[in-house]
Amino acid sequence: MHLSICDASIFILRFRGCVALGKVLVAAAWPYINYVPHLGTLLPLLSADVVARYYRLKGDDVVFVSGSDEHGTPIEVEAIRRGIHPKELVDRNHKIVSDLLERYGISLDNYTRTESPLHKEFVRRHHLKIYKNGYIFTKETELPYCPKCNRFLPDRFVEGTCPYCGYGEARGDQCDRCGRLLDPTKLVNPHCTICGAEPVIRRVKHWYFDMPKFTGQLLDYIKSNKQLPDNARNFSLKLLQEGLKPRPITRDTKWGIPAPFEGAEDKTIYGWFENVLGYVSATIEYFKRRGEPERWREFWFHREAKTLFFIGKDNIPFHTLILPALLLATHEGYNLPWNVITNEFLMFQGQKFSKSRRVGVWIDEALRLYPADYWRYTLISIRPETRDTNFTWKVFIEKVNSDLNDTLGNFIHRTFKFINRYFGSVVPEPKNLDEVDEATLNAVREKVDEVARRLEAFRLQAAAREFLEISHIGNRYLNEKKPWRSIKEKPQEAANTLYVAVQIVKALAVTMHPFIPFTAEKLWNLLNLPDKNYKGRWAEAKKPIPPGHRIKRAEPLFKKVEGSEEGLQRMLENVRSTKAPATPTITIEEFSRVDLRIGRIVKAEPIPKSRNLLKLMIDLGDYGLKQAIAGVAEHYKPEDLEGKLIAVVANLAPKTIMGLRSEVMILAAQDGRVLAVIQPDRRVEPGSRIT
RNA sequence: AGCGGGGUGGGGUAGCCAGGUUAACCCGCUGGGCUCAUAACCCAGAGAUCGGUCGUUCAAAUCGACCCCCCGCUACCA
């Protein structure tokens, strides 16, 4: 089947919207792994996972792919900072991230990486192909080059004084103070942010992808793709109306995929022109590994395949314009993204997630606090669908305690307990169900369908609400039927009630699966339903558990989050401090602002009513006697400390702790539960400066 | 600056694109019920002139114009 690629009608056919189900490619944005992702970065992967799991439950043929985005200057710079080769950095991070995603239950069929040999080879062949098709040309430009680092500098890596407002730390692309767009060549006193040297301007040749040639086809694609969400469509149309520009696809960096063009041997391919091709290469790799090397085509060429891309809003143009253009440029008739499901941003307590300022929660530390399902449920239920939303500890506590534990967990638990206790753990035989029983079962079936409808519309937040609603129905039903009464007077009625209740539990076990898969499997097991493979299980939501079936003993599925919002933030900070933090470097000048000295503890005494505090009097020689309130009482007895020479920070702003003034801070090393004060290894006078 | 998104009871969100019965849901609050269940559950109630103004319309949270505030983006932080 070969249609002219320029024929717009094929798009109309392909994107009419009533595409038959069956084959679903689910793709999630590739996290950039210069660092562990934070909760916001997890959103596209998590959303994709919910949908992938749903389609699998429905019995569709699903392939779910993503991978680590590993190339580019930020990773190179991070590697330099740590004194290792970029490859070593990404090998390490890829492993960490893959492992974490698995622990979040992100059910990827292939989580690969841009360093995968198959990907690199695929990308080179792809670009050569579109080069031969005439979509790539070369052009010379002037770019800043750092002679000391021996590299061309991306705009963001040049800083200098803004020529408009005089701001001293304007970046090459934009001034943070006046907001003006800049050109790195215009900066006054420019310097390289990596080494500080002054960059020079060099003329270089680069290879450009001729985006404007695809304007018409992309316009047709965007306009005829009915399911594209508004934010993705509007933004893409705007860019198309403004006019596409040729994009440089080569970079003068070493860390990347070598450009395959003649004369470009020392260049690499720009990240966004290779990582999006990873969706294809990951599919190829997956089927190759399964020994079915041709089947990837079913997902990328058969018209009936649905391809779903889950991304954050900042990635829209790469998925609605650049990826389609790259695919069109092959003239091979690739499926263009059937839908690009875009989430807005997640904020943390009203602020943007920020790695440098440590605002937010990172996915490794989150798992050290609470189970994956708690995070999954919370994130999906506040998933930023129509606007940015805010993650707060308050929300987290509310979602886990009220929704998961009280409403959902408790309904399941009371049903189990009742059957355990009054029916010997055996599903009772129903006889003559009354109207309320039937209506309830119907309402539950209705809800199951509603969850499915919401999921198919990618309204994940609403879908989660609907599945939780099933447990509300259950709770309401039990309250109305009061089986704890009828068990005494009309045991058959109680039997009917619990029969219905356990069917609701089963429906929940199925519908909760996309959202909280770990809990779903645990529940499936408690229901003593043997099937380990969940493919095609969705239909089970409406099939009753037969009377006589034995279930297991009740076991709580969730635990409440104990403690306040402040308490949780403290827990997070504890978790954070016990792993080696990658603290940003400081200059010697910055360090010298800290006045470190040796002091002698002349007196140490416990503070009444405090658990861990000691009041210390510390002799600082010429600087006098200072009082320190130190949190060491759980590690040292007062008499152990008296007489010791120890390191202190002498110029910390004083603070009042439990009504006592603390003027200096003593230094101690912490290794998990072990605390050790820092002492000089030979005798020096109290007050000696530590440098 | 331009562009985009948003401002809905105390808090958090949905509804808006395809205008139409008492503006929905969760948390919180008040009162009541229940006691099988992880002090959980269920019911009822209070509480919003849907940022402001003007307009379109028989009818606007929903459409249009203008204004005020918040946020994001302006092509390598989802």
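Heavy atoms only: backbone and side chains are in, while hydrogens, waters and symmetry mates are out. What you see is a predicted model, and the numbers here were worked out from it, not measured in a lab.
- A heavy atom lying under 4.0 Å from RNA chain B marks the following residues of residues 553-564 of chain A, by number: A:P556, A:L557, A:F558, A:K560.
- Residue A:T41 places its side chain closer to B:rA78 than to any other of B:rA78, B:rC36, B:rA75.
- Taking atom OH of A:Y208 as the reference point, atom P of B:rA75 lies 15 Å away to the nearest angstrom.
- Between A:K313 and A:D388, at least one side-chain nitrogen of the basic residue sits less than 4.0 Å from a carboxylate oxygen of the acidic one, meeting the salt-bridge criterion.
- For A:E344, the listed nucleotide lying nearest its side chain is B:rG5; candidates were B:rC41, B:rG5, B:rG12.
- Aromatic stacking of A:W484 on B:rC36: satisfied, with centres closer than 5.5 Å and planes within an angle under 30 degrees.
- Once rounded to the nearest 0.5 Å, the distance linking CG of A:L326 with OH of A:Y135 reads 12.0 Å.
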RNA chain B base-pair string [pairs: Watson-Crick or G-U under 3.5 Å; |: paired with another strand]: ((((((((.[[[[.)....(...]]]].(((((.......))))).....[[[[[..)....]]]]])))))))....

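- Across A:K481, A:Q492, A:E493, a single residue satisfies side-chain contact (heavy atoms from CB on, under 4.5 Å) together with A:S486, and that is A:E493.
- Residues A:F348 and A:H38 keep their aromatic ring centres 6.0 Å or farther apart.
- Here the shortest heavy-atom pairing between A:T112 and A:A282 reads CG2-CB, 3.5 Å.
- Among the atoms of the strands shown, only primed sugar atoms or phosphate atoms (P, OP1, OP2) are found under 4.0 Å from some heavy atom of A:N390.
- When distances run from any side-chain atom of A:E398 to the nucleotides B:rA78, B:rC76, B:rC26, the shortest one goes to B:rC26.
- Salt-bridge check for A:K560 with A:D406: passed, with a basic side-chain N closer than 4.0 Å to an acidic carboxylate O.
- One finds no side-chain N or O of A:S402 lying less than 4.0 angstrom from the OP1 or OP2 phosphate oxygen of B:rC26.
- Note on A:T389: only backbone sugar-phosphate atoms sit closer than 4.0 angstrom, heavy atoms only; bases stay farther off.
- Looking at residues two or more places apart in sequence or on another chain, you find a ring pair (Phe, Tyr, Trp, His ring centres under 6.0 Å) between A:F467 and A:F515.
- No donor-acceptor pair under 3.5 Å is formed between the side chain of A:N496 and the backbone N or O of A:D437.
- Interface remark: the A:N479 side chain does form a donor-acceptor pair with the B:rC41 base, using a distance-only criterion of under 3.5 Å.
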Restricting to nitrogen or oxygen on both sides, can you table the protein-nucleotides 70-72 of chain B pairs closer than 3.5 Å?
none

Could you go step by step and tell me if A:F396 and A:W375 meet the ring-ring contact (aromatic ring centres under 6.0 Å, His included) rule? CA-CA 8 Å; A:F396 181 75; A:W375 297 104; 4.4 Å; yes

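- Scanning residues 457-471 of chain A for heavy-atom distances under 4.0 Å to RNA chain B yields A:R459, A:Q461, A:R465.
- Distance noted for atom C1' between B:rA65 and B:rA44: 44 Å (whole Å).
- Rounded to whole Å, the separation between the P atoms of B:rU56 and B:rU22 comes to 24 Å.
- With respect to A:Y374, the side-chain contact (heavy atoms from CB on, under 4.5 Å) criterion is satisfied by exactly one of A:V400, A:I516, A:L367: A:V400.
- Nucleic acid contact class of A:G40 (heavy atoms, under 4.0 Å, all strands): base.
- For A:E566, the side chain to side chain donor-acceptor pair (under 3.5 Å) partners at least two apart in sequence or on another chain are A:S564.
- Using a 4.0 Å cut-off between charged nitrogen and carboxylate oxygen, A:E385 and A:R383 count as a salt-bridge pair.
- Here the nucleotide nearest the side chain of A:N475, chosen from B:rC42, B:rA75, B:rG5, is B:rC42.
- Ion pairing between a basic and an acidic side chain is recognised when a charged N comes within 4.0 Å of a carboxylate O; A:D210 and A:R247 show no such pairing.
- Neither OP1 nor OP2 of B:rC36 sits under 4.0 Å from any side-chain N or O of A:R421.
- For the pair A:D49 (side chain) and A:S107 (backbone), a donor-acceptor distance under 3.5 Å is present.
- Taking for each of A:P317 and A:L478 the nucleotide of RNA chain B with the nearest heavy atom, the 5'-most of the two is the partner of A:L478.
- The CG atom of A:N275 sits 10 Å away from the P atom of B:rA78 (whole-angstrom rounding).
- Taking the C1' atoms as reference points, B:rU8 lies 12 Å from B:rU49, given to the whole Å.
- Phosphate proximity of B:rC42 to A:H472: present, with a side-chain N or O under 4.0 Å from OP1 or OP2.
- Residue contacts shown for A:L346 include a base, since a base heavy atom lies under 4.0 Å away.
- Counting any heavy atom pair closer than 4.0 Å across all strands shown, A:Y270 reaches a base atom.
- Nucleotides B:rG12 and B:rC54 are separated by 28 Å at their P atoms, to the nearest Å.
- Here the separation of B:rC77 from B:rC70, taken at their P atoms, is 26 Å to the nearest Å.
- Put simply, A:K417 has a side-chain N or O that comes within less than 4.0 Å of OP1 or OP2 on B:rU38.
- Residue A:I269 contributes atom CD1, which lies 17 Å from atom P of B:rC76 at whole-angstrom precision.
- A salt bridge is defined here as a Lys NZ or Arg NE, NH1 or NH2 lying under 4.0 Å from an Asp or Glu carboxylate O, and A:R454 with A:E450 meets this definition.
- Here A:R459 does not pair with A:E466 in a salt bridge; the nearest charged N to carboxylate O distance is not below 4.0 Å.
- Nucleotides B:rA39 and B:rC25, compared at atom P, are 27 Å apart to the nearest Å.
- If you take atom C1' in B:rC68 and the same atom in B:rG52, they sit 7 Å apart, rounded to whole Å.
- Taking every side-chain heavy atom of A:H413 into account, B:rA37 is the closest of B:rA78, B:rA37, B:rC26.
- One P atom belongs to B:rU13, the other to B:rC71, and the distance between them is 15 Å to the nearest Å.
- When ring centroids are compared, A:F209 and A:F214 come within the 6.0 Å threshold.
- You won't find any donor-acceptor pair under 3.5 Å spanning the side chain of A:N410 and the base of B:rU38, going by distance alone.
- Both A:T407 and A:R247 lie close to RNA chain B; mapped to their nearest nucleotides by heavy-atom distance, the more 5′-ward contact belongs to A:T407.
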